[in-house]
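The figures here come from the full heavy-atom set of this structure, side chains too, leaving out hydrogens, waters and symmetry mates. A, B, ... follow the sequence lines: proteins, then strands. Residue 1 opens every chain.
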Amino acid sequence: MSNGGSYDPHAVEAEIYEFWEAGGYFHAEPNAERPPYVIDIPLPNVTGALHLGHALNNTVQDTLIRYHRMRGYEAMWMPGTDHAGIATQAVVEKQLKETENITRHELGREGLVKKIWEWKEDYGGRILGQLRRLGASCDWDRTRFTLDEVCAKAVYEVFFQWFKAGLIYRGLRLVNWDAYLQTAVADDEIIHETVKGKFWHYRYPVLTEEESAGLAAPAMREMPEDVARKAIARATGEDARMGTDYLSVATTRPETMLGDTAVCVHPSDERYQDLHGRYVLLPLQNRAIPIVADGLLAKMELGTGCVKVTPGHDPNDYACGQRNNLAMINILTTDGKINENGGAYAGQDRYDAREKVVADLESLGLMDQIEDYEHDVGHSDRSKTPIEPMLSKQWFVKMADLAESAMEAARDGRVTFYPQRYEKTYLDWLGEKRDWCISRQLWWGHRIPVWRFTGVLSAERVPDVEVTLQTWIDEEKVWHEAFEEHKDFQQRSKTILANTGMKGFFCPRPDFQRAFAEFAQANGFEQDPDVLDTWFSSALWPFSTLGWPDNYGKRFRDSGIEGLSEAPATQPSTLNPQSSIPASDLAYFYPTTVLVTSRDIITLWVARMVMTGLHFIGRVPFSHVHIHPVIQDGQGRRMSKSTGNGVDPLDIIQLYGTDALRFTMAQMDSETQDARLPVDYICPHCEAEFGQKPHHYGRKTVKCEKCKQEFATRVAGADLHEKHGLGLTTSPKFELGRNFCNKVWQASTGFVISNLEGTKGQRDAGTQVGADALGVEDRWILSRLAGAIGEIDRRFARYQINEVANTLYNFFWNDFCDWYVELVKPRLFERGTDGKVQPKADASADVARRVLAHVLDQSLRMMHPVMPFVTEALWKKLGAVAPRRGLSELRDAEPALIKAAWPEAGQRDEQVEREIDALQDVIRALRDTLARINTSRSGSKQPAIGKLPRAVIRADASIADGLAAQVTVLERLGRCEQVEVGADVTKPDESATQVLRGVEVYVPLGGLMDLAAEKKRLQKERNALNGHLERLTAKLSNEGFVSKAPAAVVEQERGRLAEMKDRLATLDRNLADLGG
RNA sequence: GGGCGUUUAGCUCAGUUGGCUAGAGCGCAUCCUUCACACGGAUGAGGUCACAGGUUCAAGUCCUGUAACGCCCACCA
C-alpha cells in the first residue's frame, strides 16, 4: 500500500502560502471578541538579504504568532523594513561610483536621496519576499518603512515634543572624521591597521605657583612672553628635574598638542602629589593648562605616568575632559587642516603641522626622545585614510529620566526578559545614562527638523559667527525654541533673534513645518544638514506603525480607555477579552506582547523602545522580551558574509524545504547564548552526480574530493558561493528537520489517511465513542497526546521553543509512529482466506480509525506553528477522507489549519501509561533477545532467524492479566511465534532470561545460541545492579537522609530499593539456574 | 580592561524549584528491502558531567576559585 514518494516541499509550499494570503488569515483588526497578540518584527535593513539569524528570529516569531492565532487571539505580526542610514547610503554610493562613476558630492543631496529612493523601490522588497518563503504570516497589509510618511510623522512629533521639553540639546561629541570624504564615520566602518610610526617624548614646563596664581581651572590663559620664556628655560636647564621643572609626556600625534587642555597624572602617584591643581605651560601656544589627577586616564606604571590631554581629538581624553570639566578645543578643519585654534600653525595640513611642531619643540630644547613605534590606527573603510577623532556639534537626547523610567519598568516586571539573565545587560547599559547622540552626518534619513538663522537680520546686527573657544561653550546654553504656531513663530522669532545674538535653534511643530520651511528659506534660516540616527525611528516602531500621533487623544477617549498609564499591560498567557471595543489600532494593538530578538540590540533598540513607549504612550511597548541564541559556525565563529562561513537559508529551503529549516531553527532556540551549526558545502559537481533533489543524496557523503578542496578554501575565507556562484551551503543539522517532515508526511498519507479512505470508520456520524469502546492502546495514545499538549503549552509560556520542537518530535515519532501505529495494526487488517491483507470492518477497527483520525487531527494542529506547510497540506488531505472528526463526537473540521483551534490538553491516564510501559519493556526484551541470538549466530556463521520460536513470560499477579490480554501484540511486535504469559508459568530449560520490573522473560534457546554468553551478560547486569543497590542502601541507612529529606523522596527511594532487591534476587535465581 | 556566557557520549546539544541508575539527534556496530516510511525499522556499544575546593541528607544542577573557549561593550598616551 505504498503511497509512493517522499514529502516534496516544493510541490506544496507556494500553493499553501497563496491559500493563506488569499484567505486573509494573516490580517488582524481590532476585535472586541478576542484579546490581541502582537509582535513587531525586528526591522531588517532594506539593503539586507535573508541570513540564518533572520531564519531563526522569524521562525520563532511566526511560531508564536501561529500558536496564539490558533488559541483564539487576534494575532498581528507587524512587518516592515528599516532605512538603515549608513548601510543603505553606502550601498547606493558604491553602486553610483561603479556604474556611473559619480560621487554624492557631484550628485548633490537631493539627487542622491532620489537615487536611493529609486534603489529602494527596486530592491527594498526583496527581504520581505524572502520572509514569505520562510512562511512568515505577517500582516502584510500593514507593512511599513521607517522612512515612509506614517513613520516620519511620528519621528517629527517625537522630536518636536522632546525639543520643546528641553530633552534634546546640542553638544560636543567626538566623532570619527574621515578628512578625505569629509564625513563622520560610524564605529563599525573603521578598520584597524598596524602602521609604523614614531613615539615622541617631550617636556611641558611646570609653572610656579606664583606664575599661575589667579588662573582658575578650567580657564586657560595666554601667558606673557617672558613668563613662558622663563618656564622653558627652567625646563631645559642643566639641572632641570622631571616632576618639578617639567613633566614629560609622549604621543604618536604631536600636532594634537596644539589642542591640549591639561596634563593628567594618577591621583595616587607619589611622584606628582604636590603638582595637583598646578599648571604647566603648553609650549608653542604659550598657554597655561592645568595638571589634573584622574585615575581613569593616567596609569602610574606606564612611562612617566603623565599623559597629555587632548579632549578635542582623543576619545579617552574627551572622557577625561568631561569628568574634569576641562576646556575642549577643536584644532582641525573638516578637510584635515589646522584651524584658527592652532595659532601659528593655522592653515597647514595636519601632517605638515606635525613636522613643524616637532621641529619647533626641538629648537626650544623640549624634545627628549623619538622612538620608532608600531601601533594600530583606525582607517576609514571607505576612503582608506586615517581617521581623525574630532569634536563636532551634535544633537543629543538627555537620558537621565528616560533611562530611569525604562529601568523601573524592568525592575517592577512590566518588561520581563526570557531568559531572565538578559535583564542585566539592559539595566547595566541604561544605568550609565549616557546621552543619546541622535545626529548623523548623512543624507539618507529623517532630516533634523531644526533651523537656525545664518543670514542678516538687519544692518546693525550682523551676527558674529566666528567660532571661538568661548562660543563653543556658550552655544551649549543657547536658546532652543519650539514653535507651536506659524504666526507665533514670525512674531517671536524676531524678538528671540534680537535677544540671543541670533544663535537660536528653531524647531517648528510638525504640522506647519512645510510653511515654516518656506518662511525660513526666505528669511535667512538654514536647516540642520544632519539626519537622525536610524535607531531614532526604530525606537518609535511599536506606536509609529499604529498611526500615532494622529487623533491619539481622541481615539483613546473614544475607546473609553482613560488614564493609559494605569491600564494593565496585555498578558499574553491568558485569554481575557476586553469588554469595550477599542476604536483604534493603537488602542487595541499597543502595547505589543513580545519582542523576539538577539542580544546584540538589547541596548540599541529594546531599551530605546521602552523609553519612548513610556514617555509618549505611558505604557511599555511590550511585556516580554525573548532573546534567542546567536548562530555560529562549526568552529564557534559568528556567521558573517565577510568570513564566508554562513549558511544561506534559501539554500536550505531549496535542499530540504521550509518546514525542515524551521523545525531545525526552532530546535536551536534554547536558552544558551550561542548555538553552533557545522557548515557543509555542496558543489555543482556533486549535484550533477547525485541529482537535484535532496532525497537522492541518500546516505552518501555528498562531498567529493573536488568539493572538499573548494570547501576548505571557502572556510578559509573565500566566499565561493557568492563570488563564483558555486554550489550550496548546508549543515547536517537540517537533515533532522527534513527527516521529521518526511516522517509526518509518510505516516499521515501512507498510513492514517490511506486507512481512512473508503472505510466506514468515518461514516458513523453522531455516534458516541464511549470510554469503554476504546482499547488500551487508544487510551494510551490519548493520554500521551494530553501530556504532549500540556508540555507544549508550558514550554511556549517560557519561550523554550526548542523544547516545543522536541516534544512534537518525540510524541509523533516515538509514541505515535513507533508504538501506537504498530499497536493498532492488528485491529485494522486481517489476512483473508486468499492470504491477502484486507481491512477489517468490525467495531474495534472503526474505533481505531476514529482514534487515528483524531490523533492525526490533533497532531497536525500541534505541529502547525512550527511546520506550517506540511501540516496545512496534510490537513487538506485528511479533510478529504474524514471531513468530520472527533472522539466523543464528530464535528466538521475547520477549513484551514492556520485558523483551527489549538487542542485542549485532556486528562492523562497514568494507569494505562504504566500498563503500556510494561508491555513495551517486554517487547524490547524479546527484540533484544532475538537480536542477540542473531548476533551470536552471525559470529558463528549460522543464518539469522526471523522470529523467536517461543517465549514464556512470568509476571507478577498485578500485571499478568494485562500482559496476557496482549499476547497477539507481544507475538507480533516481539517477533515471536508463540508467547505464553502467566503468574505461575514454568521456566523452560536452557532459556535466555531477561529480568524486568516484576516480569521475567524466558526464551528457550534450544541450541539457537551459546548459553555461556547469556550467563556472562546476566552476571554483568547483576554486578551493575548490585552497585546501584549498595549505594542506595547506604543512602537509606544514612540518618541524615531519612530525617531531613522530604518524606516523598525517602518513600520513593525505599520503593526503588525494594524493587532492586527483588530484581537482584530474581537475577541470582536465574544465574543459579545457569549454574552460576 | 569591564560585563555576559559556555565547558555533559566521537560531533551538535538537552537536562525545569538540587532527588539521576545522566538523555536526544547525527555518527558508529549488528540485524532487517515484514503490507506508511531506507529521509525507514529493530537492537546495542559509547559519559569520573573541564579542573580544584565548598554548601547540603543529597550537586550535572547552588557557591568560590582555576583553566580553556566564545560573545558584547570600552579601549591601548
Side-chain angles (χ1 to χ4, degrees), chain A residues 1-3 6-7 199 249-253 264 297-299 302-303 306-310 314-317 319 375-376 421-422 424-425 428-429 599-600 602-603 630 632 634 636-638 656 660 667-668 670 672-678 694-695 697-699 731-733 735-736 738-743 745-755 794-795 798 800 802-803 806 809-810 817-818 821-822 825 829 831 836-837 924 927-932 934-935 938-939 944 946 975 1024-1025 1027-1029 1031-1032 1035 1038-1046 1048-1050 1052-1053 1056 1060:
Chain A
M1 208 195 310
S2 173
N3 192 263
S6 309
Y7 170 57
F199 204 37
V249 296
T251 180
T252 57
R253 294 182 298 158
C264 177
L297 183 66
K299 292 191 183 113
L302 274 178
C306 301
V307 195
K308 67 193 266 307
V309 186
T310 323
D314 182 280
N316 283 330
D317 294 3
H375 60 131
D376 277 356
R421 65 172 185 275
Y422 291 109
K424 196 169 157 30
T425 308
D428 285 354
W429 184 78
R599 65 184 183 283
D600 47 351
I602 290 174
T603 55
V630 168
Q632 302 175 333
R637 300 173 306 184
R638 195 185 181 113
Y656 300 131
Q667 229 202 6
M668 292 181 83
S670 68
T672 173
Q673 83 172 357
D674 303 306
R676 287 188 187 194
L677 190 77
H695 62 263
Y697 292 119
R699 293 195 158 187
S731 171
K733 279 213 165 192
E735 287 174 13
L736 171 75
R738 185 267 317 257
N739 293 354
F740 187 49
C741 290
N742 187 56
K743 187 72 176 178
W745 181 263
Q746 293 293 351
S748 304
T749 60
F751 187 80
V752 180
I753 292 171
S754 60
N755 268 298
R794 282 190 294 279
R795 296 302 189 172
R798 284 186 284 170
Q800 292 169 343
N802 62 322
E803 293 297 343
N806 287 335
Y809 187 94
N810 292 331
C817 293
D818 290 349
V821 164
E822 296 305 326
K825 275 181 180 171
F829 315 114
R831 207 167 278 278
K836 281 190 179 168
V837 173
R924 283 194 197 100
R927 286 166 170 174
D928 179 31
T929 306
L930 178 63
R932 275 185 295 108
N934 280 334
T935 305
S938 97
R975 305 202 59 76
L1025 183 64
H1028 292 312
L1029 195 137
R1031 253 172 285 150
L1032 194 55
K1035 192 177 187 181
N1038 179 344
E1039 184 51 36
F1041 175 70
V1042 179
S1043 60
K1044 289 187 184 171
V1049 173
V1050 176
Q1052 180 193 316
E1053 298 290 40
R1056 200 181 285 167
M1060 279 189 194

Quiz item: If you round to the nearest 0.5 Å, how far is CZ of R795(A) from CG of N806(A)?
Solution: 8.5 Å

Quiz item: Any side-chain N or O of R927(A) less than 4.0 Å from the OP1 or OP2 oxygen of U43(B)?
Solution: yes

Practice problem: Using salt bridge (Lys or Arg N to Asp or Glu O under 4.0 Å) as the criterion, list what pairs up with R932(A), not counting sequence neighbours. | Solution: D928(A), E1014(A)

Exercise. Could you give the distance separating U33(B) and A38(B) at their P atoms, to the nearest angstrom?
Key: 14 Å

Exercise. With rounding to the nearest 0.5 Å, note down the distance linking CZ in R253(A) to NZ in K308(A).
Key: 7.0 Å

Exercise. Report yes if a side-chain nitrogen or oxygen of K825(A) is closer than 4.0 Å to either non-bridging phosphate oxygen (OP1 or OP2) of U34(B); otherwise report no.
Key: no

Exercise. Identify whether any heavy atom of T672(A) sits under 4.0 Å from a base atom; if not, whether one sits that close to sugar-phosphate; answer base, sugar-phosphate or nothing.
Key: sugar-phosphate

Quiz item: Between atom CE in M668(A) and atom P in G25(B), what is the gap in whole Å?
Solution: 17 Å

Quiz item: Can you find a donor-acceptor N/O pair under 3.5 angstrom joining the side chain of R795(A) to the base of U16(B)?
Solution: yes

Exercise. Could you tell me how the ring of F751(A) sits relative to the ring of F829(A): parallel (under 30°), tilted (30 to 60°) or perpendicular (over 60°)?
Key: perpendicular

Practice problem: For side-chain contact (heavy atoms from CB on, under 4.5 Å), just list the numbers for Q800(A) and N802(A), CA-CA rounded to whole Å, side-chain angles, deciding distance to a tenth of an Å, and then say yes or no. | Solution: CA-CA 6 Å; Q800(A) 292 169 343; N802(A) 62 322; 4.0 Å; yes

Quiz item: Hey, does the side chain of S670(A) come within less than 4.0 Å of A14(B)'s phosphate (OP1/OP2), counting only N and O?
Solution: yes

Quiz item: Mapping A944(A) and K733(A) to their closest nucleotides on RNA chain B, which lands nearer the 5' end?
Solution: K733(A)

Practice problem: Quick one: label C817(A) by what it contacts on the DNA or RNA (base, sugar-phosphate, nothing), any heavy atom closer than 4.0 Å. | Solution: base

Exercise. Map every base of RNA chain B to its dot-bracket character, where paired means a Watson-Crick or G-U wobble contact with both distances under 3.5 Å and | marks a partner outside the strand.
Key: (((((((..((((.....[...)))).(((((.......))))).....(((((..]....))))))))))))....

Quiz prompt | V1049(A) side chain, from C-beta outward: closest of U43(B), G19(B), C39(B) | solution = G19(B)

Quiz item: From G19(B), U43(B), A36(B), pick the nucleotide closest to the side chain of R924(A)?
Solution: U43(B)

Quiz prompt | Side-chain-base donor-acceptor pair under 3.5 Å for K424(A) and C4(B) | solution = no

Practice problem: Please determine, for the side chain of F751(A), which listed nucleotide (A42(B), C71(B), A36(B)) has the closest atom? | Solution: A36(B)

Exercise. Classify the nucleic acid contact of M1060(A) as base, sugar-phosphate or nothing, counting any heavy atom under 4.0 Å across all strands shown.
Key: base

Quiz item: When all nucleic acid strands are considered with a 4.0 Å heavy-atom cut-off, which category describes A675(A): base, sugar-phosphate, or nothing?
Solution: sugar-phosphate

Exercise. Output the single nucleotide from U43(B), C39(B), C4(B) whose closest atom is nearest the side chain of S6(A).
Key: C39(B)

Practice problem: Round to the nearest Å and state the distance from Y656(A) atom OH to C39(B) atom C1'. | Solution: 10 Å

Quiz item: Any donor-acceptor pair under 3.5 Å between the side chain of R798(A) and the base of U16(B)?
Solution: yes

Quiz item: Taking the side chain of R738(A) as its heavy atoms from C-beta onward, which of G25(B), G70(B), C39(B) lies nearest to it?
Solution: C39(B)

Quiz item: What integer number of Å spans the P atoms of U8(B) and C62(B)?
Solution: 16 Å

Practice problem: Could you give the distance separating U66(B) and A24(B) at their C1' atoms, to the nearest angstrom? | Solution: 32 Å

Practice problem: Can you tell me, in whole Å, how much space there is between the C1' of G1(B) and that of A9(B)? | Solution: 38 Å

Practice problem: Nearest-nucleotide wise, let me know which of N802(A) and K1044(A) is further upstream toward the 5' end of RNA chain B. | Solution: N802(A)

Quiz prompt | Listed nucleotide nearest any side-chain atom of P1046(A), set C69(B), A42(B), C57(B) | solution = C57(B)

Quiz item: Just how far, in rounded Å, is C1' of C31(B) from CZ of R975(A)?
Solution: 11 Å

Quiz item: Under 4.0 angstrom, heavy atoms only, what part of the nucleic acid is A250(A) near: base, sugar-phosphate, or nothing?
Solution: sugar-phosphate

Self-check item: Phosphate contact (U43(B) OP1 or OP2) by R932(A) side-chain N/O below 4.0 Å
Solution: no

Practice problem: Taking all non-hydrogen atoms of both residues into account, name the closest pair between A944(A) and N934(A) and its distance. | Solution: CA-OD1, 3.2 Å

Quiz item: Side chains of Y7(A) and T749(A): closer than 4.5 Å at any heavy-atom pair?
Solution: no

Quiz item: Rounded to the nearest Å, what distance is computed from the CD atom of residue E822(A) to the P atom of nucleotide C32(B)?
Solution: 19 Å

Quiz item: For the side chain of N739(A), counting heavy atoms from C-beta on, which of C37(B), C57(B), G40(B) is nearest?
Solution: G40(B)

Exercise. May I ask you to say what Y809(A) touches in the nucleic acid, namely base, sugar-phosphate or nothing, with a heavy-atom cut-off under 4.0 Å?
Key: sugar-phosphate

Practice problem: For G60(B) and G15(B), measure between their C1' atoms and round to the nearest Å. | Solution: 8 Å

Quiz item: Looking at the side chain of N934(A), which of C76(B), U12(B), C31(B) is the nearest nucleotide?
Solution: C31(B)

Quiz item: Has the side chain of R927(A) got a donor or acceptor atom that lies under 3.5 Å from a matching backbone atom of R975(A)?
Solution: no

Quiz item: Taking the same atom, C1', in C51(B) and in U7(B), what whole-Å distance lies between them?
Solution: 11 Å

Quiz prompt | Pairwise P distance for A45(B) and C37(B), with rounding to whole Å | solution = 30 Å

Practice problem: Rounded off to whole Å, could you give me the NZ-to-C1' distance for the K743(A) and C37(B) pair? | Solution: 5 Å

Practice problem: Figure out the CD/P separation between E735(A) and U12(B), and round it to whole Å. | Solution: 16 Å

Self-check item: Shortest non-hydrogen separation from M668(A) to R676(A) and the atoms involved
Solution: CE-O, 3.8 Å

Quiz item: From the list C57(B), U43(B), C20(B), which nucleotide is the closest neighbour of the side chain of F1041(A)?
Solution: C57(B)

Quiz item: C1' atom, C71(B) versus U55(B): distance in rounded Å?
Solution: 31 Å

Self-check item: d(CD, Q800(A); C1', G15(B)) in whole Å
Solution: 11 Å

Quiz item: Nearest-Å distance, CG (D600(A)) to P (G70(B))?
Solution: 18 Å

Quiz item: Please walk me through it: do N755(A) and K825(A) pass side-chain contact (heavy atoms from CB on, under 4.5 Å)?
Solution: CA-CA 10 Å; N755(A) 268 298; K825(A) 275 181 180 171; over 6 Å; no

Quiz item: What pair of heavy atoms forms the shortest contact from D674(A) to Q632(A), and how long is it?
Solution: CG-NE2, 3.3 Å

Practice problem: For F199(A), report the nucleic acid contact type (base, sugar-phosphate, nothing); a contact means any heavy atom under 4.0 Å. | Solution: sugar-phosphate

Quiz item: Among U21(B), A14(B), G44(B), which is the nearest nucleotide to the side chain of E803(A)?
Solution: A14(B)

Quiz item: Heavy atoms under 4.0 Å, any strand shown: does N810(A) hit a base, just sugar-phosphate, or nothing?
Solution: nothing

